[in-house]
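Here is the structure we will look at.
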Amino acid sequence: MLDKSFNPAAIEQAWYQRWEAAGYFRHRDHAKPAYCIQLPPPNVTGTLHMGHAFQQTLMDALIRYHRMRGDNTNWVVGTDHAGIATQIVVERQLELEGKTRHDLGREKFVERVWQWKQESGSSITRQMRRLGASANWEYADTEGQKAGYFTMDASMSRAVVEVFVRLYEEGLIYRGKRLVNWDPVLGTAVSDLEVDTEEEDGKIWEIRYPFEDGSGSLSVATTRPETVLGDVAVAINPKDERYLKLVGKRVRLPLTKRYIPVIADNYVDPDFGTGCVKITPAHDFNDFNVWRRLFADNRSIAKLPYAGLLSILDLSARVISGQWLNEKHSKSDVAARRDDEELLALVPKAYQGLDRFDARKKIIADLKAEELLVSERPYKLRVPRSGRTNVIVEPMLTEQWFVKMEGMAKDGLDVVKRGEVNFIPEHWTATYNHWLENIQDWCISRQLWWGHQIPAWYDEDGTIYVARSEQEAEKKAGSRKLKRDPDVLDTWFSSQLVPFSSLGWPDATPDLETFLPSDVLVTGNDIIFFWVARMIMATRHFTGKVPFRHVYINAIVRDAEGEKMSKSKGNTLDPLDLIDGISLEALLKKSTAGLMKGEHKERIEKYVRSHYPNGIQAFGADAVRFTFASLATFSITLNFDLSRCEGYRNFCNKLWNAARFVLMNTEGRDCGLDEKLPVKLSFVDRWIVSRLQRVEAAAEQGFAEYRFDNVAASIYSFVWDEYCDWYVELAKLQLQSPDAAVQRGTRRTLVRVLETSLRLLHPITPFITEELWQKVAPLAGKKGATIMLQPYPKSQPEKIDEAAERDMAVLKEWTVAARNLRSEAKIPPGEKLPLYTTAAPPVADVEGTLAAVQSLARLSEIKQAQALPDSTAPVAVVGEARIMLYKEVDPALEAERISKEVARVNGEIAKAKAQLANPSFVERAPPQVVEEVRKRLSNHQQELLKHQEQLQKLRGRK
RNA sequence: GGGCGCUUAGCUCAGCGGUAGAGCGCUGCCCUUACAAGGCAGAUGUCGUAGGUUCGAUCCCUACAGCGCCCACCA
């Protein structure tokens with residue numbers, strides 16, 4: 001006998017281990033249709049958060065659904081080496097030991113990262129197992145960790161090198177000196193996507209630049225005064241009448257002895273600020289472009305000697321003495337000038353060595369002192385910060401590797417346009433398109449140690465040899481001595497290859513043939529650019545195929561109030577705490593662990609105490625998964641509500657108890673397995689079977705449309721509202737039947753419908769369904785080691801029985817009406833009363849229906865008569881019939897109740913009449929709609945008459 | 001500045017051209033031998049505002065308001 005209530009902890013882990021050990025998660029048979037999902041590989045440093053749990057619930061539901069449908073499923077999983085994130089984690093550890101990575105040296109440091117990874121990495125994959133993820137852990141697992149592939153392992157790395165070499169050979173990867181976003185703390189370039197630009201409160205300053213000839217000055221505005229030191233020109237708009245005559249003149253750069261020219265460029269907006277812009281080409285993207293347009297490729301550069309690329313910051317963003325970065329200036333051009341000496345100290349000594357923000361302060365003070373500061377005003381500006389360290393990035397001119405994006409981007413746009421890849425919900429296509437249409441070349445080199453080292457070597461002359469190995473490079477270089485490029489690749493460079501590298505590419509493996517393209521990618525909208533777009537481009541380029549057919553963009557998980565989850569607010573939830581439960585004390589400790597500032601702590605504690613006064617209950621993985629499925633609409637956000645989770649835990653308990661009831665009434669008895677014995681099915685049996693077909697169809701449709709909410713809701717209401725609330729109650733009655741064939745039919749239906757419901761639910765709630773199925777299935781004549789590999793229920797339209805559904809609707813209507821009379825008349829549940837009716841229910845099985853109503857509404861008997869007894873007892877109108885619950889009640893109260901009914905019906909009548917009185921409605925609306933309204937009107941009118949009759953009777957009594 | 005999305009019951013959300021739905025919450029009455037993590041009954045909405053299209057609009061169109069997200073080189 002089952003326990004009285006559902007206890008998830010008792011079953012979950014045991015089942016998972018059994019499934020995994022039995023190898024049920026592996027793909028099985030390449031002759032069957034393939035179904036493949038690629039997991040967005042979580043960072044090895046990561047722990048499971050709500051977003052993961054949500055995504056993985058959906059992926060697992062799809063995988064389990066397709067596995068049950070007999071598909072050859074392969075959920076390819078793995079972890080990402082997460083270059084920057086992981087390096088930071090290990091560097092922090094070293095910090096605690098008082099060391100930096102430089103103390104260890106590159107080789108030892110990388111060793112250390114690997115060591116860390118083996119010991120504490122991939123804890124996230126262990127957490128995924130708690131959720132029930134039926135992932136193919138052994139697939140592409142070259143490290144034997146049962147965590148899938150690792151993007152730094154040998155086979156994945158091989159693909160990375162191969163891709164790099166091929167792209168280089170095709171001329172799509174190049175090395176160049178470009179302005180890039182530079183993180184001065186990490187000391188590396190980052191890509192455009194890794195920079196978050198937020199509006200912040202800052203200041204804008206206006207600075208005066210005196211003319212060389214002493215004829216006055218002009219003013220420029222800036223939000224970064226420290227860059228004054230690197231100015232090489234002042235620009236105005238060529239159409240700006242005010243300044244046109246100044247072009248070619250020189251101004252003195254404040255705080256220095258340099259003179260810089262006034263130039264003209266369309267980039268300048270004459271209506272903004274003073275209409276004059278300082279040009280700092282080595283430290284600003286716009287200025288760099290101006291410089292390129294006007295000087296770099298312009299022969300007139302000879303006339304503008306000092307307008308070079310002047311760098312004034314080192315790679316940690318401290319002010320240096322100043323250095324010309326473009327060759328023309330660094331060599332002969334500058335040296336030939338007369339005023340060289342002035343230039344020797346490009347940046348005054350006073351500023352050298354200062355951090356960029358200290359330099360800013362000093363420069364402002366000095367400008368003030370020299371009366372060159374015109375104004376200082378508060379200003380909202382967009383500040384670019386590094387996504388990882390949150391420090392302000394500095395545009396820095398450095399040698400980096402880039403991937404040309406134009407051609408691949410065009411192809412990426414085409415495959416989506418052609419519908420080979422579809423976004424779900426569809427509107428994400430616009431986001432994808434917009435980015436690809438405006439894509440810039442991708443800076444892929446990072447000045448880090450942890451990652452795939454770039455397979456490029458240089459000889460002493462700086463000639464580049466890109467090769468698959470050092471040997472290959474040496475072969476190319478001949479006798480020259482080589483040095484390998486120290487940089488590593490952007491993490492996304494390897495992740496973009498996952499759709500094919502995980503399947504064995506560059507080898508032509510059977511799995512590559514079978515599982516590419518995968519069926520659907522389930523991922524967050526935040527990595528459409530980082531990952532989704534790049535996978536599409538790379539996979540197309542190297543395999544000619546798309547990586548996946550569908551991209552399901554899942555909602556962002558927020559807290560119950562719709563707030564972003566963040567540690568500093570204390571509103572984060574750990575999926576494992578929802579599964580296992582957690583006490584308030586433990587939760588408090590956990591929420592405030594590892595915090596830097598004391599002031600947050602109080603606020604977080606307050607939040608936690610008020611939201612989880614008793615901690616969090618253990619809901620179990622099934623309830624958590626069901627909650628995620630129910631909330632998976634196409635909305636952009638998902639507000640995770642604990643009370644919702646509790647509701648679905650209750651649902652699991654309901655299912656558990658329904659099974660408990662069924663088992664109590666069927667185990668050891670005749671459940672109709674012997675086909676030779678007669679079986680009688682009532683319309684109630686046929687009704688529940690009919691309803692089951694409809695739910696099966698709804699589930700199939702829901703999965704096909706990725707409407708997990710619809711799948712969950714339709715099964716939920718079937719199990720609870722139909723099977724438990726009505727069928728089980730009526731089955732109790734049928735089990736009392738003296739007819740063995742009726743009993744047999746009832747047991748058979750009870751068992752079969754339950755067994756099918758378990759299979760229907762299994763993709764969403766795997767644990768409870770497995771546990772119950774093991775007990776229920778044999779009673780339905782089914783055998784199997786696991787529900788996981790049983791066929792998913794399929795709707796059989798021939799079992800839809802509309803007559804039974806209609807009759808059941810009448811049964812429900814009568815029952816509810818009678819119960820309602822009881823309730824309104826405040827009759828205690830224990831008291832049984834007779835019910836009078838003026839007509840029989842319009843059903844095939846009148847006797848059976850009346851018996852059911854009598855039982856469900858707790859009536860002593862049902863009597864049919866021409867007229868109702870002359871009584872003030874409560875009366876209801878059900879279809880053609882009037883029914884009376886035979887108990888004298890206060891006529892005034894009863895009159896009031898009926899008056900309410902009359903008012904409601906009158907309202908309906910008025911609405912219908914108004915519609916029919918409109919000639920154009922009657923003429924133009926479809927006939928069946930008009931007919932419907934007519935029928936509704938006539939029904940309501942009849943009902944009204946019956947109510948009025950009763951009302952009169954009651955009034956006569958007063 | 002450009003783009004996308006949202007606004008429906010107290011809360012969180014489905015519905016998207018023909019009598020407004022769910023979960024949670026709320027109100028009564030019940031520990032009725034599957035389940036109090038439950039049963040039965042019930043209340044609750046000028047479907048953001050203003051126009052338009054239509055026989056008919058929560059649903060389609062336009063404008064406006066509020067909220068959210070993404071992209072963008074205005075110093």
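Proteins get letters first, then strands, A, B, ... in listed order; numbering begins at 1 in each.
- Rounded to an integer number of Å, the gap from CZ of A:Phe651 to P of B:C24 is 12 Å.
- Both distances falling under 3.5 Å, in either a Watson-Crick or a G-U wobble arrangement, place B:U27 opposite B:A41.
- If you check every strand for non-hydrogen atoms under 4.0 Å, A:Asp641 touches nothing.
- Looking at heavy-atom distances under 4.0 Å, A:Cys652 makes no contact with the nucleic acid at all.
- Of all heavy-atom pairs between A:Pro270 and A:Asp240, the closest is CB-OD2, 3.4 Å.
- The nearest whole Å value for the distance from the CD atom in A:Glu199 to the C1' atom in B:C69 is 15 Å.
- Contact annotation for A:Arg707: backbone-only contact, meaning every heavy-atom pair under 4.0 Å involves sugar-phosphate atoms and none involves a base.
- For the pair A:Asp192 CG and B:A72 P, the computed distance is 8 Å after rounding to whole Å.
- Across the strands present, B:G1 finds its partner in B:C71; the criterion is a Watson-Crick or G-U wobble pair with both atom distances under 3.5 angstrom.
- When heavy atoms are screened at a 4.0 angstrom cut-off, A:Lys732 is found touching base atoms of the nucleic acid.
- Across B:A75, B:A41, B:C69, the shortest atom-to-atom separation from the side chain of A:Val277 is found for B:A75.
- Using atom C1' as the reference point in both B:G10 and B:G68, the two lie 22 Å apart (nearest Å).
- Among the protein residues, A:Phe640 comes within range of no part of the nucleic acid, since none of its heavy atoms lies under 4.0 Å from any strand.
- For A:Asp725, counting side-chain heavy atoms from C-beta on, the closest listed nucleotide (B:C40, B:C30, B:G18) is B:C40.
- Pairing for B:U32 is absent, judged as Watson-Crick or G-U wobble with the two contacts each under 3.5 Å.
- At the phosphate of B:G38, neither OP1 nor OP2 sits under 4.0 Å from any side-chain N or O atom of A:Lys4.
- The distance between atom CG of A:Asn653 and atom C1' of B:G38, rounded to the nearest whole Å, is 9 Å.
- Side-chain N/O atoms of A:Lys826 include none lying less than 4.0 angstrom from OP1 or OP2 on B:A41.
- For the OP1/OP2 pair of B:C24 and a distance below 4.0 Å, the side-chain nitrogens and oxygens of A:Arg644 include no atom meeting the criterion.
- B:G23 and B:U8 have their C1' atoms separated by 15 Å, with the value rounded to a whole Å.
- Under 4.0 angstrom from either OP1 or OP2 of B:C4 there lies no side-chain N or O belonging to A:Tyr432.
- A:Phe708 and A:Tyr552 have perpendicular rings, their planes meeting at more than 60° on a 0 to 90° scale where under 30° would count as parallel.
- Separation of the A:Trp428 and A:Phe423 ring centroids does not fall under the 6.0 Å cut-off.
- Residue-level contact check: A:Phe285 touches neither bases nor backbone, having no heavy atom under 4.0 Å from any strand.
- The nearest whole Å value for the distance from the CD atom in A:Glu932 to the P atom in B:G18 is 11 Å.
- Distance from the side chain of A:Thr633 is smallest for B:A14 among the nucleotides B:U19, B:A14, B:C71.
- Counting non-hydrogen atoms under 4.0 angstrom, A:Pro926 reaches a base of the nucleic acid.
- Because its NZ or CZ atom is both nearer than 6.0 Å to the ring centre of A:Phe661 and within 45° of the ring axis, A:Lys732 counts as a cation-pi partner of that residue.
- Rounded to whole Å, the P atom of B:G48 lies 23 Å from the corresponding atom of B:U54.
- To the nearest 0.5 Å, the span separating CG on A:Asn571 from CZ on A:Arg558 amounts to 10.0 Å.
- Distance from the side chain of A:Lys911 is smallest for B:U19 among the nucleotides B:C74, B:C13, B:U19.
- Using a 4.0 Å heavy-atom criterion, one finds that A:Ala912 contacts no nucleic acid atom at all.
- Nearest nucleotide to the A:Tyr267 side chain, out of B:C73, B:A14, B:C71: B:C73.
- Taking the side chain of A:Arg819 as heavy atoms from C-beta on, and the options B:A41, B:C24, B:A34, the nearest nucleotide is B:A41.
- A:Ser635 comes within 4.0 angstrom of the backbone, heavy atoms only, and of no base.
- Using a 4.0 Å heavy-atom criterion, one finds that A:Ala713 contacts no nucleic acid atom at all.
- Remark: of the listed residues A:Glu200, A:Glu194, A:Glu199, A:Glu200 is the sole one forming a salt bridge (Lys or Arg N to Asp or Glu O under 4.0 Å) with A:Arg385.
- When the C1' atom is used for both B:G2 and B:C73, the distance is 14 Å, rounded to whole Å.
- Where A:Ala221 and A:Ser630 each meet RNA chain B at their nearest nucleotide, the meeting point lying more 5' is that of A:Ser630.
- Contact annotation for A:Ser5: base contact, defined as any heavy-atom pair under 4.0 Å involving a base atom.
- Side-chain N/O atoms of A:Asn820 include one lying less than 4.0 angstrom from OP1 or OP2 on B:G42.
- At whole-Å resolution of the value, NE2 in A:His283 and P in B:A75 are 19 Å apart.
- Place A:Phe921 and A:Pro8 on RNA chain B by their nearest nucleotides, and A:Pro8 ends up nearer the 5' end.
- Using a 4.0 Å heavy-atom criterion, one finds that A:Arg224 contacts no nucleic acid atom at all.
- Among the nucleotides B:C13, B:G18, B:A34, the one closest to any side-chain atom of A:Arg660 is B:A34.
- Counted by atom type alone, A:Thr280 and A:Asp231 present one or more donor-acceptor pairs between their side chains at under 3.5 Å.
- If you take CD1 on A:Ile768 and CG on A:Leu761, they are separated by 8.5 Å, rounding to the nearest 0.5 Å.
- Minimum atom distance to the side chain of A:Asn650 is reached by B:G38, of the listed B:C70, B:G38, B:C74.
- Across all strands shown, A:Val816 has heavy atoms under 4.0 Å from sugar-phosphate atoms exclusively, and none from any base.
- Ring-plane geometry between A:Phe6 and A:Trp656 is classed as tilted, the angle between the planes lying from 30 to 60 degrees on a 0 to 90 degree scale.
- Nucleotide B:C60 has B:G52 as its partner under the Watson-Crick or G-U criteria, with both atom distances under 3.5 Å.
- The CG atom of A:Leu916 sits 13 Å away from the P atom of B:U19 (whole-angstrom rounding).
- Across B:C73, B:A20, B:A34, the shortest atom-to-atom separation from the side chain of A:Phe661 is found for B:A34.
- Residue A:Ile827 contributes atom CD1, which lies 22 Å from atom P of B:G39 at whole-angstrom precision.
- Between A:Asn639 and B:C13 there is a side-chain N or O to OP1 or OP2 distance below 4.0 Å.
- Below the 3.5 angstrom threshold, one finds a donor paired with an acceptor across the side chain of A:Glu729 and the base of B:A34.
- Applying the 4.0 Å criterion to OP1 and OP2 of B:G39, one finds that A:Trp720 has a side-chain N or O inside that range.
- Counting atom types as modelled, A:Lys654 pairs a side-chain N or O with a base atom of B:C35 as donor and acceptor under 3.5 Å.
- The listed nucleotides are B:C73, B:G39, B:A37; the one nearest the side chain of A:Arg649 is B:A37.
- As judged by a 4.0 angstrom heavy-atom cut-off over every strand, A:Glu646 is placed among residues making no nucleic acid contact.
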Item to check | CA sep, side-chain torsions, deciding dist, call: A:Phe634, A:Tyr706, ring pair (Phe, Tyr, Trp, His ring centres under 6.0 Å) | outcome: CA-CA 9 Å; A:Phe634 280 173; A:Tyr706 300 102; 8.0 Å; no

